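Report on the structure given below.
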Amino acid sequence: MATANGGNGKVWKGTLITILVVFILMQFHRPEIAAGGQGIPLNAPPPVQAILQKSCYDCHSNTPHLKWFDYIAPGYWLVAADINAAQQVLNFSTLGSLDTVARNAALWEVLNQARLHAMPTRAYIALHPETSITDEDIAILKKYVATLKPVIQPDSGFTAARDHQFYEWAKGYYANKQNIIAPNGVPYMDGYKDWQPISTTLREDNGTMRIIFANDIGVKAIRENRIHPWPDGTTFAKVAWGQLIDTAGKVTTGAFRQVEFMIKDSKKYIATRGWGWARFKTPALVPYGKDKVFTTECINCHNPMKNNDFVFTQPIQLP
Ligand code: HEC
Ligand code: HEC
């Protein structure tokens, strides 16, 4: 009996020592956190800066403030990978170097990710609760981004653009719409005009309005609350228009800018996260992308919503 117990104890001790040695050895593998590039830091008003520093700078800046436990492998490997990926797409330490249009577009994207609680990632908030975004933070960011919107002159180029667009359609581009196909094979679907709107957004920084439509399968899924994941056949259209502000200050839709589609087919589009992506730009509904690799751009930006089947829109409750 005594020997058996002693043997067990030895095995345990041996296992513990092995785990400890592996754990210590893991600490020596230290992937580098890249320096993140040189440039002009974003210069936002102090309340905005404070929110970004609290919630975003740990990954999207050259000055992450990591906790002691972030430095311990294997957790450290994830943190380092996150920071390196995050700096590639958005770096507040160099954002001031971008031209106004690009910077404003990035800041609009920042508001969106924060507003939809896509960022910071849930896993990060679980370990760093102080980085979570509050409703008050969102209100402050929204107010700030609204100040960036371009001044739109009444009856400016927007009307001309709308007229031009109509002219192009009349010329026959529109008649040819059946033959418009994105490089990954997703066709232009004119039927979206009869689908149901499930959400609208006003993009402040570049003065566009968007409406998101869902087809019957999508609408049915919303009603039956079967949207995790969305059923095959669900199709979304996101349509963007410019804004027209008339002399009385009334805002209406201006020129039609583009329409984007996401069509769910978990088998056919398995390589692109189960969705077929497509974008068609006006006036001639030109498919976006040189080859089918263009979907990488869509997926990268939708990736923070991966736990939501890559869909941003939280549908409004349908009657
Ligand atoms: C834990 C690290 C981390 C934190 C904190 C974090 N992000 Fe991110 N963010 C990432 C990573 C990693 C990506 C790359 C996209 C992906 O693969 O999910 C990303 C992507 C993004 C993108 C998409 C950029 C693009 O065009 O593809 C935006 C915008 C963004 N983050 C904004 C924010 C904002 C705003 C905050 C703060 C409220 C924030 N992030 C906090 C890690 C982080
Ligand atoms: C810079 C980030 C970004 C990129 C790139 C992007 N999207 Fe989106 N997309 C969004 C955001 C944010 C929304 C949420 C709606 C809104 O507020 O405009 C969205 C919404 C959508 C929707 C409506 C369904 C949903 O997820 O809410 C479709 C359809 C869509 N995008 C298609 C595309 C396609 C196709 C591409 C590539 C050609 C693409 N997107 C690239 C950010 C992006």
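We count ligands from 1, going down the list as the structure has it; atoms in each ligand are counted the same way. Worth saying up front: this structure is predicted, and the values here are computed from it rather than measured.
Per-residue contacts place Glu297 under 4.0 angstrom from the following atoms of ligand 2 (heavy atoms of the residue considered): 5 (C). Listed by number with element, the atoms of ligand 1 under 4.0 angstrom from any heavy atom of Tyr124 are 1 (C), 5 (C). Close approach to Ile133 involves these atoms of ligand 1, each under 4.0 Å from a residue heavy atom: 38 (C). Which parts of ligand 1 touch Asp82 is read off a 4.0 Å heavy-atom cut-off, strictly below it: atoms 1 (C), 2 (C), 12 (C).
Contact annotation for Ser199 and ligand 2: no heavy atom of the residue comes within less than 4.0 Å of the ligand. Within the 4.0 Å heavy-atom criterion, neither part of Lys281 lies near ligand 2. Residue Ile212 touches ligand 2 through its side chain alone, judged by heavy-atom distances below 4.0 Å. Contacts between Ile51 and ligand 1 below 4.0 angstrom, taking non-hydrogen atoms only, are absent altogether. Looking at Asn112 against ligand 2, only its side chain comes within 4.0 Å, counting heavy atoms.
Here the closest heavy-atom approach between residue Ile133 and residue Ser55 is recorded as CD1-OG, 3.7 Å. The two residues Ile125 and Pro120 come nearest to each other via the heavy atoms CD1-O, 3.6 Å.
Residues satisfying the side-chain hydrogen bond (donor to acceptor under 3.5 Å, both in side chains) criterion with Arg226, sequence neighbours excluded, are Glu224.
Side chain of Asp137 to main chain of Thr134: a donor-acceptor pair is present (N/O by atom type, distance under 3.5 Å, no hydrogens or angles). Of the possible donor and acceptor atoms, one in the side chain of Arg103 sits under 3.5 Å from a partner among the backbone N and O of Leu98. The main-chain N or O of Thr234 is never found under 3.5 Å from a side-chain atom of Asn215 such that the two would form a donor-acceptor pair. Side-chain atoms of Gln113 do not come within 3.5 Å of backbone N or O of Met119 as any donor-acceptor pair.
Counting only protein atoms, the N, O or S atoms lying less than 2.8 Å from atom 8 (Fe) of ligand 1 are His60 NE2, Met119 SD, ordered by chain and residue number. Listed by chain and number, the protein atoms of type N/O/S under 2.8 Å from atom 8 (Fe) of ligand 2 are His302 NE2; waters are omitted.
Of all protein heavy atoms, the one lying nearest to atom 17 (O) of ligand 1 is Asn303 ND2, 2.9 Å. Of the protein's non-hydrogen atoms, Ser55 O, 3.4 Å is the one closest to atom 5 (C) of ligand 1. The nearest heavy-atom contact from the protein to atom 12 (C) of ligand 2 is Glu109 OE2, 3.6 Å. The shortest contact between atom 15 (C) of ligand 1 and any protein heavy atom is with Asn300 O, 4.3 Å.
Side chains of Gln49 and Tyr144: a donor-acceptor N/O pair is absent below 3.5 angstrom, by distance only. A donor-acceptor contact under 3.5 angstrom links the side chains of Asp190 and Tyr188, judged on distance only. In this model, no donor atom of one side chain and acceptor atom of the other lie less than 3.5 Å apart for Asn184 and Thr295. Looking at Gln258 and Tyr288, their side chains never bring a donor and an acceptor atom within 3.5 Å of each other.
Sequence neighbours left out, not one pair with a member in residues 14-26 passes salt bridge (Lys or Arg N to Asp or Glu O under 4.0 Å).
The neighbour count for Asp232 CG, taken as heavy atoms of other residues, nucleotides or ligands under 6.0 Å away, is above 12.
Of the candidates Trp277, Phe261, Trp230, Phe236 forms a ring-ring contact (aromatic ring centres under 6.0 Å, His included) with just one, namely Trp230. Of the residues His228, Lys264, His302, the one that meets the side-chain hydrogen bond (donor to acceptor under 3.5 Å, both in side chains) test with Asp309 is Lys264.
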